[in-house]
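Since the structure comes first, as structure tokens, the remarks are kept for the end.
The shown structure was predicted, so the numbers you read here are calculated from the model rather than taken from an experiment. If you read the sequence from its start, that first residue is 1, and numbering goes on from there. Side chains included, hydrogens not; waters and symmetry mates left out as well; all remaining heavy atoms used.
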Amino acid sequence: PSIQDVAQGSLFEEPKKPEAKKAKVFQSNPINEEYTFETFVHGGCNDVAYSAALAVAQAAVNPKLTDTNMNPLFIYGPSGLGKTHLLHAICNYIHEYKPELSVLFVSSETFTNELIDAIQRHATNDFRQKYRNPDFLLIDDVQFFGSRDSTKMEIFNTFNELFDKKKNIIMTSDRTPSDIEKLEDRLQSRFSSGLVAPISPPDYEICSIILKNRAEKQGINLPDEVVDYIASHINTNVRELEGAFNSLVMIARIKEKPITLPFAMEALKDKIPLDGGNTLTVDIIIDKVCDRYGVTKEQVLSNARPKKYVVPRQIAMYLARNLIPGISFPALRDKFKRKDHTTVVYACERVEKEIKRDQSTKAVIDELTKQLKR
């Protein structure tokens, strides 16, 4: 080829720039396409959160369904119960049915790191342009905002601007807004101004459905007795449940053995000790105490102060501290969703005094202890 050909670009033409899209585009966030509303197993333990998340997504497609009381939507519950799954499901639903809407899904850590980077680069205007304009802003694990002073003003102003523009905010946390330590009152108020929806640990039925669905999807023969065994022992965390299932399947493949109950018991002995006395958990204790006093787990784990909730809460703390070897006060603080472990220390001391002072309290403690040690 001649030099003239090269100069004119006949051989090395520059690629054409794609035409700018007039409509907003679904942002390239780390969305798992498998996390949809269809793959989320819902029941009594998570129905409120599931229904609210679905309603928010449907309102994106049909604005007539919009309920301003759901903005912001704040979903809270312990780790591993499906909160992040619901955020992904909202993103996937909007992407499928209303792709022209802009959706931004980040963790609180990403938000904070990008803010710090923007400040260092003197690019806060770019940061604000990104976070104050999407139609939907979804933030995972907002409990970490409470301990980071540098983000409080920015997140507050971001929320205000999004609200003024009638945009949607969906958040998740492992605790309620009022339980997030060091979170300013005005942010607590903002986080709580819409719908606060709880997710509780899955019950036996939900765990069974999850296991059966996973087995069916992978074409694995999982006998009912194995489903019953796993669901009966691992029912506090969906992530742990799926981890047990994955371990069982992998071990069966490696050993080229069919999955039977004896095989499952041996394969999962590290996750479900064969000695039943070692399987006692805080959640089992809470469930037993709730049954005894006719209250719900949600009431026991709340900040409600009526005596009918405080007494079983303190008794559950006492039993957990005394029946689970090696469990620490900070660990119990997290399990019972308290702000400070001294609350647990006080509860245990209070119950010990009541046992010495009141025979009826001692009888209840003895009865519950025998039931839990069976």
Please identify each residue that fulfils ring pair (Phe, Tyr, Trp, His ring centres under 6.0 Å) with Phe191, with sequence neighbours left out. Phe74, Phe159
Taken in chain and number order and not counting sequence neighbours, the residues that satisfy side chain to side chain contact (heavy atoms under 4.5 Å, CB included) with Cys45 are Ser200, Pro202, Ile206
How close do Gly77 and Lys337 get, counting heavy atoms only, and between which atoms? CA-NZ, 4.2 Å
Quick check: are there more than 12 heavy atoms from other residues, nucleotides or ligands sitting under 6.0 Å from NZ of Lys166? no
Which pair of non-hydrogen atoms, one from Ser79 and one from Asn237, has the smallest distance, and what is that distance? O-ND2, 2.8 Å
With sequence neighbours left out, the residues meeting ring pair (Phe, Tyr, Trp, His ring centres under 6.0 Å) with Phe40 are Tyr50, His85
A cation-pi test, strictly: NZ or CZ of Arg313 under 6.0 Å from the centre of the six-membered ring of Phe336 and no more than 45 degrees from its axis. Yes or no? no
Taking it one step at a time, do Leu138 and Met171 satisfy side-chain contact (heavy atoms from CB on, under 4.5 Å)? CA-CA 6 Å; Leu138 301 93; Met171 299 169 283; over 6 Å; no
Please find the pair of heavy atoms, one from Ala304 and one from Val310, that lie closest to each other, and give the distance. O-CG2, 4.1 Å
What heavy-atom pair brings Leu162 and Asn133 nearest, and what distance separates the two atoms? CD2-N, 4.3 Å
Looking at every heavy atom in both Ile327 and Ala331, which two are closest together, and how far apart are they? CG1-CB, 4.0 Å
Does the side-chain hydrogen bond (donor to acceptor under 3.5 Å, both in side chains) test come out yes or no for Thr342 and Asp340, once each step is laid out? CA-CA 5 Å; Thr342 56; Asp340 196 298; 2.9 Å; yes
Any chance the side chains of Asp135 and Ser102 put a donor and an acceptor closer than 3.5 Å? yes
